[in-house]
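The first residue of the sequence shown is numbered 1, and numbering continues consecutively from there.
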Amino acid sequence: MANDNQATKVIVGPVRFSYLHIWEPAAIGEGDDKKYSASLIIPKSNKKLIKEIEAAVQAAIESGKNSKFDGKIPKKLKLPLRDGDEEREDEAYAGAMFLNTTSKTKPGIVDKNSKPIQVQDNVYSGCYGYASVNFYAFDSNGSKGIACGLNHIMKIKDGEPLGGRSTAESDFEGLSFDDDDDDNFL
């Protein structure tokens with residue numbers, strides 16, 4: 001069993017994080033269980049990483065063949081690696097593949113020196129990093145496929161925040177104040 005886990009585990013990166021729910025679990029759809037989650041945006045130019053992901057997905061399919069798929073691989077199988085150009089109308093996903101990851105347990109969140117990050121604002125949709133993920137087979141309510149479990153997050157670099165939210169620095173850039181301004185309050 002340890003070999004199956006190693007074959008289905010991948011350190012994915014560098015990626016851009018989107019739709020981050022890593023500090024508190026959230027329900028994605030109405031009636032869904034609350035889970036921790038992250039969308040991992042992978043440049044299509046990172047062919048080596050995409051091949052590693054595809055190999056891990058294939059290992060999860062083989063592992064699930066007997067445990068979830070009654071000894072045969074279904075023809076219509078939902079796969080986790082998706083094309084941002086085809087499935088998203090979002091500039092952040094252009095020229096990229098993506099994985100939607102989830103976990104029932106809170107992921108570990110560290111910086112590039114593997115030190116825990118405590119300040120939630122330091123890791124946000126739009127920053128860059130790596131994620132430890134594990135692929136596994138599922139058979140739920142007639143839907144069969146391979147899901148992507150989120151283990152841990154490592155932030156390595158800041159980026160432009162996604163979702164239309166600006167930074168405080170960009171909002172107030174260029175403002176200057178004289179010492180006299182304190183006297184001009186109501």
Side-chain angles (χ1 to χ4, degrees), residues 1-42 49-50 52-70 73-74 76-82 84 87-88 90 92-93 96-112 114-156 162-163:
M1 208 55 161
N3 287 343
D4 283 349
N5 189 34
Q6 283 302 98
T8 60
K9 183 177 180 180
V10 179
I11 303 302
V12 180
V15 298
R16 190 170 191 195
F17 300 119
S18 182
Y19 298 102
L20 280 181
H21 298 282
I22 57 173
W23 300 101
E24 295 291 330
I28 303 301
E30 191 174 322
D32 288 348
D33 291 337
K34 289 185 176 185
K35 293 182 181 177
Y36 297 92
S37 61
S39 183
L40 310 178
I41 304 172
I42 306 159
L49 176 59
I50 292 169
E52 286 178 38
I53 292 168
E54 289 170 340
V57 168
Q58 190 59 45
I61 291 170
E62 289 301 322
S63 177
K65 183 177 175 180
N66 291 320
S67 66
K68 296 288 183 182
F69 306 142
D70 300 322
I73 299 170
K76 289 190 177 184
L77 200 60
K78 291 187 177 186
L79 299 176
L81 186 61
R82 297 163 52 192
E87 295 193 35
R88 295 286 171 102
D90 185 333
Y93 287 78
M97 303 297 285
F98 69 97
L99 294 168
N100 290 330
T101 66
T102 62
S103 178
K104 291 180 182 178
T105 59
K106 185 175 181 176
I109 306 164
V110 297
D111 65 18
K112 63 184 174 185
S114 296
K115 302 290 184 216
I117 295 176
Q118 305 295 329
V119 179
Q120 293 183 16
D121 288 346
N122 287 347
V123 185
Y124 51 89
S125 293
C127 70
Y128 296 85
Y130 288 79
S132 170
V133 301
N134 193 62
F135 297 96
Y136 60 93
F138 70 86
D139 180 358
S140 178
N141 300 322
S143 178
K144 296 180 181 188
I146 303 301
C148 186
L150 175 62
N151 299 324
H152 305 290
I153 295 273
M154 174 185 272
K155 178 190 171 187
I156 59 167
L162 298 175

Can you tell if the side chain of [X] reaches within under 4.5 Å of the side chain of [Y], non-hydrogen atoms only?
| X | Y | value |
| --- | --- | --- |
| I42 | I53 | yes |
| Y93 | I41 | yes |
| S39 | F98 | yes |
| D111 | M154 | no |
| F138 | I146 | no |
| L40 | L150 | no |
| F17 | C127 | yes |
| V10 | L49 | yes |

Hey, what do you get for [atom1] ([X]) to [atom2] ([Y]), rounding to the nearest 0.5 Å?
| X | Y | atom1 | atom2 | value |
| --- | --- | --- | --- | --- |
| K68 | I73 | NZ | CD1 | 15.5 Å |
| K35 | K104 | NZ | NZ | 6.0 Å |
| K78 | S140 | NZ | OG | 9.5 Å |
| K112 | Y128 | NZ | OH | 14.5 Å |
| Q120 | E24 | CD | CD | 6.5 Å |
| E52 | K9 | CD | NZ | 13.5 Å |

If you look at every heavy atom in [X] and [Y], which pair is closest and at what distance?
| X | Y | answer |
| --- | --- | --- |
| N134 | Y136 | O-CD2, 3.8 Å |
| I11 | Y130 | CG2-CD2, 4.0 Å |
| F69 | G145 | CZ-O, 3.7 Å |
| C148 | L99 | SG-CD1, 4.3 Å |
| A92 | L162 | CB-CD2, 3.8 Å |
| K144 | P74 | CD-CG, 3.7 Å |

Short question: side chain of [X], backbone of [Y] - any donor-acceptor pair under 3.5 Å?
| X | Y | answer |
| --- | --- | --- |
| T101 | A38 | yes |
| S125 | L20 | yes |
| K155 | N122 | yes |

Margin query: Tell me which one of I22, I109, I153 satisfies side chain to side chain contact (heavy atoms under 4.5 Å, CB included) with I117.
Written below: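 When I22, I109, I153 are each tested with I117, the side chain to side chain contact (heavy atoms under 4.5 Å, CB included) holds only for I109.
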
Check: Do other residues, nucleotides or ligands put more than 12 heavy atoms under 6.0 Å from the CG atom of D33?
Finding: no

Item checked: Within 6.0 angstrom of K106 NZ, more than 12 heavy atoms from elsewhere ->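 Yes, NZ of K106 has more than 12 neighbouring heavy atoms, counting only those of other groups under 6.0 Å.
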
Next item on the list: Apply side chain to side chain donor-acceptor pair (under 3.5 Å) to Y36 and list each qualifying residue two or more places apart in sequence or on a separate chain.
Entry: none

